[in-house]
Colleague: 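I'd like to ask you about the structure that follows.
The figures here come from the full heavy-atom set of this structure, side chains too, leaving out hydrogens, waters and symmetry mates. Order of appearance sets the numbers: ligands from 1, and atoms from 1 within every ligand.
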Amino acid sequence: MGIVEASEAAIEEAARLLRDGRLVAFPTETVYGLGADATNPRAVAAIFEAKGRPRFNPLIVHVASLAAAEEIAELAPLARRIGGAFWPGPLTLVLRRKPGAPICDLVTAGLDTVAIRIPDHPVARALLAATGRPLAAPSANRSGSVSATQARHVAADLGDRVALILDGGPTAHGIESTILDATGETITLLRPGAVPAEVIEAALGIPLARSPATDAARPASPGRLESHYAPKARVRLEARETRPGEALLAFGTAPVPHAGLMINLSPSGDLMEAAANLFAALRALDATGAGTIAVMPIPDTGLGEAINDRLRRAAAPRGP
Ligand code: TXA
Ligand code: MG
């Protein structure tokens with residue numbers, strides 16, 4: 001069936017497919033999600049199959065409202081405050097799973113916690129409303145590769161493995177949601193993402209704890225494999241010059257001199273623009289067959305933390 005514009009009729013059709021246990025890719029304000037009915041174990045299993053994803057990696061459950069979130073998870077007072085401030089939006093909370101929550105065990109990979117997000121994209125919201133079920137949705141790319149920020153990226157990665165791709169145009173943030181562990185009294189940053197940590201700290205008036213996973217090496221969040229978001233090309237960070245045969249991923253007003261292929265994530269040095277362009281730029285440079293993508297330094301403040309996290313993982317040594 002492939003890509004269809006996300007009209008009202010297409011969303012109805014997508015909801016019917018989802019209730020039938022099929023997979024539907026849909027836009028969110030961060031990246032495209034590969035959705036399945038979170039109450040249906042066979043549908044959820046099909047996500048792992050389509051992505052080629054290790055089974056131990058739990059999925060984010062997308063819901064339409066706080067009330068729907070509370071059917072699935074316990075929201076401690078602090079979690080409720082965070083949800084109130086940032087939902088709907090590009091933020092995911094890891095919470096304690098309620099006994100009898102209407103989601104299958106495969107979604108949480110057997111954990112007693114569950115990751116919940118209320119997305120803000122109109123197509124995602126309409127789809128959740130039309131389906132009337134919580135939707136498990138990881139990023140709509142093959143496991144370990146670059147996330148999809150456009151419908152055609154999903155088609156290139158997943159092809160027939162997905163019943164329908166709802167096209168809502170390029171995603172606004174271009175980088176995945178920020179993930180916080182909000183199971184206790186301390187809030188821990190598990191994955192830097194579209195909401196900068198500083199913004200959350202300012203809203204809450206308390207500092208976020210950092211998990212070892214945030215510094216890349218040892219995943220506390222099971223899916224935080226070090227090598228991730230990897231293009232086929234090698235990725236060389238902190239490039240202050242380029243070498244023959246390299247493609248350049250530049251940033252800012254003064255890109256390093258480069259004779260070959262170059263994409264500037266943001267010529268004006270705007271981190272929001274850079275995040276929105278990141279995955280499409282990596283895909284485009286990779287498609288040229290360059291052996292190495294050299295990446296200019298990007299400031300580590302605000303959204304730069306999430307951008308650098310993704311780039312470090314793209315540059316990390318690959319598994320066997
Ligand atoms: O922006 C996003 O978050 C996108 C859109 C589609 O919503 N989704 C996304 O999903 O990035 P995914 O599956 O690619 O990443 C989800 C991350 C994984 O690293 C996973 O390990 C972590 O969330 N996660 C899920 N459930 C968890 C849990 N109960 N405890 C700790 N980490 C969890
Ligand atoms: Mg992903």
Side-chain angles (χ1 to χ4, degrees), residues 23-36 38 44 47-48 50-63 72-74 86-97 101 103 105-121 123-125 127-128 134-149 153-154 157-158 166 168 171-184 188-195 211-214 216 219-230 275 278-279 306 309-310 313-314:
L23 302 184
V24 169
F26 61 95
T28 80
E29 68 274 32
T30 56
V31 298
Y32 275 73
L34 177 62
V44 174
I47 289 182
F48 291 98
K51 283 189 63 102
R53 170 180 259 200
R55 300 244 156 186
F56 52 74
N57 195 349
L59 306 174
I60 297 176
V61 176
H62 297 68
V63 295
I72 298 171
E74 310 277 0
F86 294 100
W87 278 342
L91 182 87
T92 298
L93 294 181
V94 172
L95 301 165
R96 252 173 236 303
R97 181 184 167 154
I103 50 169
D105 287 336
L106 195 51
V107 171
T108 57
L111 299 174
D112 57 8
T113 55
V114 56
I116 303 257
R117 179 172 168 223
I118 305 180
D120 195 27
H121 193 290
V123 173
R125 297 181 68 73
L127 185 64
L128 283 164
L135 294 179
S139 51
N141 52 278
R142 290 282 287 173
S143 188
S145 96
V146 173
S147 297
T149 57
H153 298 160
V154 182
D157 265 28
L158 299 174
L166 288 174
T171 60
H173 292 283
I175 209 151
E176 298 84 349
S177 61
T178 303
I179 305 183
L180 302 178
D181 181 330
T183 51
T188 305
L189 178 67
L190 295 180
R191 176 177 76 180
V195 186
S211 78
T214 326
S221 177
R224 306 289 288 138
L225 306 171
E226 184 167 5
S227 172
H228 201 128
Y229 309 101
L278 178 66
F279 291 127
D309 170 78
R310 305 310 186 268
R313 283 166 207 283

Colleague: Checking the side chain of R313 only, and the main-chain atoms of A230 only, is there a donor and an acceptor separated by less than 3.5 Å?
Modeller: no

Colleague: I'd like to check which ligand 1 atoms, numbered from 1 as shown, lie under 4.0 Å from a non-hydrogen atom of T113.
Modeller: 28 (C), 29 (N), 30 (N)

Colleague: Restricting to pairs with a member in residues 135-145, which pass salt bridge (Lys or Arg N to Asp or Glu O under 4.0 Å), not counting sequence neighbours?
Modeller: none

Colleague: So is there a nitrogen or oxygen of K51 less than 3.5 Å from a nitrogen or oxygen in ligand 1?
Modeller: no

Colleague: Which protein atoms of type N, O or S are found under 2.8 Å from the Mg ion (ligand 2)?
Modeller: S139 OG

Colleague: Can you list the ligand 1 atoms lying under 4.0 Å from a non-hydrogen atom of L111?
Modeller: 28 (C), 29 (N)

Colleague: Taking R117 first and then E29, would you say they form a salt bridge - that is, a charged N and a carboxylate O separated by under 4.0 Å?
Modeller: yes

Colleague: Can you list the atoms of ligand 1 that are under 4.0 Å from a heavy atom of A115?
Modeller: 25 (C), 26 (N), 27 (C)

Colleague: Check contact between H173 and ligand 1, using heavy atoms of the residue and a distance below 4.0 angstrom.
Modeller: no

Colleague: Would you say that D157 contacts H153 through its side chain, given a criterion of any heavy-atom pair below 4.5 Å between the two side chains?
Modeller: no

Colleague: Just to be sure I'm reading this right: ignoring hydrogens, which of R117, E176, R191 gets closest to atom 15 (O) of ligand 1? Compare them by their nearest heavy atoms.
Modeller: R191

Colleague: Quick one: closest heavy-atom pair of A140 and G33, and the distance?
Modeller: CB-C, 3.7 Å

Colleague: Heavy atoms only: which of T30, V61, L135, V94 is nearest to atom 30 (N) of ligand 1?
Modeller: V94

Colleague: Are the side chain of R97 and the backbone of L111 linked by a donor-acceptor contact shorter than 3.5 Å?
Modeller: no

Colleague: Determine the minimum heavy-atom distance between V31 and A148, stating which atoms define it.
Modeller: CB-O, 3.5 Å

Colleague: Specify the closest pair of heavy atoms between F26 and G35, including all atoms of both residues, with the distance to one decimal.
Modeller: CE2-CA, 3.7 Å

Colleague: Determine the minimum heavy-atom distance between A136 and A38, stating which atoms define it.
Modeller: N-CB, 3.7 Å

Colleague: Of all the atoms in ligand 1, which lie at a distance below 4.0 Å from a heavy atom belonging to I179?
Modeller: 17 (C), 23 (O)

Colleague: Answer with yes or no whether T108 contacts ligand 1, where contact means a heavy atom under 4.0 Å from a ligand atom.
Modeller: no

Colleague: Quick one: which ligand 1 atoms are inside 4.0 Å of a heavy atom on S139?
Modeller: 8 (N), 9 (C), 10 (O), 12 (P), 14 (O)

Colleague: Please report the shortest heavy-atom distance between T178 and V195, naming the atom on each side.
Modeller: OG1-O, 2.7 Å

Colleague: For I60, counting its heavy atoms only, list the atoms of ligand 1 lying under 4.0 Å from any of them.
Modeller: 3 (O), 8 (N), 9 (C), 10 (O), 16 (C)

Colleague: Could you check whether any side-chain heavy atom of P90 comes within less than 4.5 Å of a side-chain heavy atom of D120, counting everything from C-beta outward?
Modeller: no

